[in-house]
Amino acid sequence: MNKYQMPRGTQDILPNESRKWQAMEELFRQFAYVYNYQEIRTPIFEHTEVFKRGNDSSDMVNKEMYTFTDNGNRSLTLRPEGTAGVVRSFVENKMYGYPDLPVKMYYMGPMCRYERPQKGRQRIFHQFGIEVIGAKNPYLDVETIALGWSILNALGLSNLKVHLNTLGDDESRNAYREALKKHFASDINQMCADCQRRYEQNPLRILDCKVDVDHPAMKTAPKMSDYLNEESQKYFEAVKAGLDALQIPYVVDDRLVRGLDYYTHTVFEIISENLNTTVLAGGRYDGMVEYFEGPQMSGMGWALGMERILLACEAEGIELGEDDGLDAYVLCLSDKVQKEAFTITTELRSNGYRCETDYLGRSFKAQFKTVERMNAKVAVLVGEKDIENHTVTLKKIDTQEQFVVSLNQVVEKMDELFPSEEEHECHCADGECTCKKEH
RNA sequence: GCGGUUGUGGUGAAGCGGUUAACACAGCGGGUUGUGGUCCCGUCAUGCGUGGGUUCGAAUCCCAUCUGCCGCCCCA
């Protein structure tokens with residue numbers, strides 16, 4: 001029994017919870033549509049080199065990847081993140097030649113990372129992300145952040161904080177990196193082992209350290225902002241001004257560095273204060289398209305963790321995708337009438353009524369409990385007496401009204417009780433119209 | 001990868017060497033041979049994450065292993 005357990009860090013999304021996933025996904029797609037992003041679906045595995053690029057020092061690519069060799073002896077890796085595959089595809093499909101740049105894409109799906117699982121951190125988890133490639137304009141940084149912010153707001157999340165920083169361009173960052181190394185050179189030996197490692201691999205990350213926060217050298221450490229060249233500084237100012245104009249609240253966090261090595265200029269994270277973790281994060285990347293042997297083009301993107309979003313919703317008491325219940329439940333009160341009960345069920349279904357019936361020969365009482373549990377609007381009682389009279393009883397649950405109708409008039413009666421959708425579908429007047437008709 | 005902790009039916013849990021493995025909820029059957037949500041009665045784990053071991057005897061002790069969770073690292 002134990003050997004059929006699912007692998008560590010994986011999960012089943014069960015029938016009773018898939019509904020909220022769908023509701024969330026639908027909302028993502030709606031926002032993507034309005035902001036004019038189109039979906040891109042890339043493979044769940046890629047050649048390892050797509051993710052493991054050159055001098056990447058991040059843990060994600062160095063120790064958290066699911067890498068395997070296929071039968072053709074190629075090294076493949078289960079995608080740990082979405083951006084690399086999208087950029088690879090952008091170049092491979094020559095999207096840089098599209099007439100309308102930038103190309104705006106979104107993706108949604110599972111990512112795999114070999115990590116120690118915890119709540120909100122699994123080995124297979126799901127991300128929704130966006131990428132805008134082929135233009136470098138602070139308004140795009142603002143647009144993408146605004147999109148993320150709006151999505152989280154639309155879900156009803158409120159205890160959120162946007163952290164913003166800039167890493168500047170290569171020139172600025174290299175200057176800063178050197179300054180940091182110089183600054184910490186004399187103290188690094190007294191700092192924690194992780195920091196000593198970071199010193200070599202990615203000195204910017206020393207600033208993230210929670211162990212050495214109080215070390216005197218930390219407090220006197222040089223700031224990124226002092227090493228930004230004029231262009232980088234101007235870019236960052238423009239991003240901030242854009243966010244201000246949209247009244248998106250943020251805090252500039254000059255210790256925000258991000259774990260992925262490809263970022264330049266804007267980086268940001270949206271943190272759920274209830275969960276005390278990041279739910280959405282991203283930034284600008286200038287060098288990636290070139291890395292994949294495309295032209296020099298900049299990109300901007302972010303990803304959100306869908307499991308974490310759901311946890312955040314739960315923490316804030318937000319319910320997603322509530323079930324309206326059945327239109328009708330057909331009670332089959334004797335095995336002698338199963339045929340008739342089944343026929344009625346089928347008829348209702350083919351007329352668009354969401355409908356269920358009993359297949360277990362359960363008692364009247366038990367079936368009525370199901371009516372309640374499934375939140376059916378109508379109970380259709382089919383018993384031997386009814387069938388002898390070629391009738392059936394409909395009971396409207398909310399009003400307790402009962403109607404005896406002939407066998408072939410069940411659908412008709414339902415139509416009468418619940419007037420056709422079409423007359424009610426269009427809410428153009430109150431501004432919530434979702435119908436596709438012309439007006 | 002490191003440190004800590006956890007695991008008993010569909011669910012929440014009690015039991016901590018000898019119990020028929022408590023209790024509650026849900027489910028099912030009945031009281032009401034066809035009208036639910038209240039009430040009453042009955043029923044529901046040959047088995048306590050998995051595999052070994054100690055013992056006359058193990059859910060209870062020991063070892064290993066897996067999983068969930070917390071912290072570190074890192075990240076969405």
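Chain A is the first sequence line, chain B the second, and so forth, proteins listed ahead of strands; every chain is numbered from 1. Values below: every heavy atom of this structure, side chains too, minus hydrogens, waters and symmetry copies.
- Nucleic acid contact for A:Glu269: none, since no nucleic acid atom lies under 4.0 Å from a heavy atom of the residue.
- Of the residues listed (A:Glu401, A:Lys395, A:Gln402), the one engaging A:Thr399 in a side-chain hydrogen bond (donor to acceptor under 3.5 Å, both in side chains) is A:Glu401, and it is the only one.
- Listed pair A:Ser363 / B:G30 meets the phosphate criterion, a side-chain N or O lying under 4.0 Å from OP1 or OP2.
- The interatomic distance linking A:Asn276 (CG) with B:C70 (C1') rounds to 13 Å, in whole Å.
- In terms of phosphate contacts, A:Arg362 brings a side-chain nitrogen or oxygen within less than 4.0 Å of OP1 or OP2 of B:C28.
- In terms of phosphate contacts, A:Gln118 brings a side-chain nitrogen or oxygen within less than 4.0 Å of OP1 or OP2 of B:G71.
- Between the side chains of A:Asp169 and A:Ser172, at least one donor N or O lies within less than 3.5 Å of an accepting N or O.
- Across all strands shown, A:Ile397 has heavy atoms under 4.0 Å from base atoms, whether or not it also approaches the sugar-phosphate.
- The side chain of A:Arg373 contributes an N or O atom lying less than 4.0 Å from OP1 or OP2 of B:G27.
- Side-chain nitrogen and oxygen atoms of A:Thr278 include none within less than 4.0 Å of the OP1 or OP2 phosphate oxygen of B:C75.
- The residue A:Leu280 sits close only to the backbone: its heavy atoms come under 4.0 Å of sugar-phosphate atoms, none of a base.
- Using a 4.0 Å heavy-atom distance criterion, A:Val371 is classed as making no nucleic acid contact.
- Annotation for A:Leu331 and A:Gln367: closest pair CA-OE1, 3.2 Å, computed over non-hydrogen atoms.
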Between side-chain atoms of residues 15-23 of chain A and protein atoms elsewhere (two or more places apart, or another chain), which donor-acceptor pairs fall under 3.5 Å?
| from | atom 1 | to | atom 2 | distance (Å) |
| --- | --- | --- | --- | --- |
| A:Glu17 | OE2 | A:Leu14 | N | 2.9 |
| A:Ser18 | OG | A:Pro15 | O | 3.1 |
| A:Arg19 | NE | A:Gly321 | O | 3.4 |

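- Within 4.0 Å (heavy atoms only), A:Gln402 reaches at least one base atom of the nucleic acid.
- Shown here for A:Phe292 and A:Arg53, the closest heavy-atom pair between the two residues is CZ-CD, 4.2 Å.
- Within the nucleic acid shown, A:Gly9 comes within 4.0 Å of sugar-phosphate atoms alone, with no base atom in reach, counting heavy atoms only.
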Protein proximity profile, nucleotides 1-13 of chain B - base contact B, sugar-phosphate-only contact S, no contact -, cut-off 4.0 Å on heavy atoms:
BBBB---------
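- Closest to the side chain of A:Lys369, out of B:G29, B:G27, B:G71, is B:G27.
- Closest to the side chain of A:Phe125, from the set B:C69, B:A76, B:C74, is B:A76.
- Atom P of B:C72 sits at a distance of 46 Å from the matching atom of B:C28, rounded to the whole Å.
- In this structure, A:Asp327 pairs ionically with A:Lys377, as a charged nitrogen and a carboxylate oxygen lie closer than 4.0 Å.
- Place A:Arg308 and A:Pro7 on RNA chain B by their nearest nucleotides, and A:Pro7 ends up nearer the 5' end.
- Annotation: of the two residues near RNA chain B, A:Lys395 and A:Lys365, the 5′-most nearest-nucleotide partner is A:Lys365.
- In this structure, A:Arg173 forms no cation-pi arrangement with A:Tyr227, as its terminal cationic atom is not both closer than 6.0 Å to the ring centre and no more than 45° off the ring axis.
- Within 3.5 Å, no donor on the side chain of A:Gln11 pairs with an acceptor on the base of B:G68, nor the reverse.
- Residue A:Gly120 is classed as a base contact, given a heavy-atom separation below 4.0 Å to a base.
- For A:Glu372, whose side chain is taken as the heavy atoms from C-beta onward, the closest listed nucleotide among B:C69, B:G37, B:A76 is B:G37.
- Remark: A:Lys181 qualifies as a cation-pi partner of A:Tyr199 under the 6.0 Å distance and 45° angle criteria applied to the six-membered ring.
- Contacts of A:Glu64 with the nucleic acid, taken as non-hydrogen atoms under 4.0 Å apart, involve only primed sugar atoms and P, OP1 or OP2.
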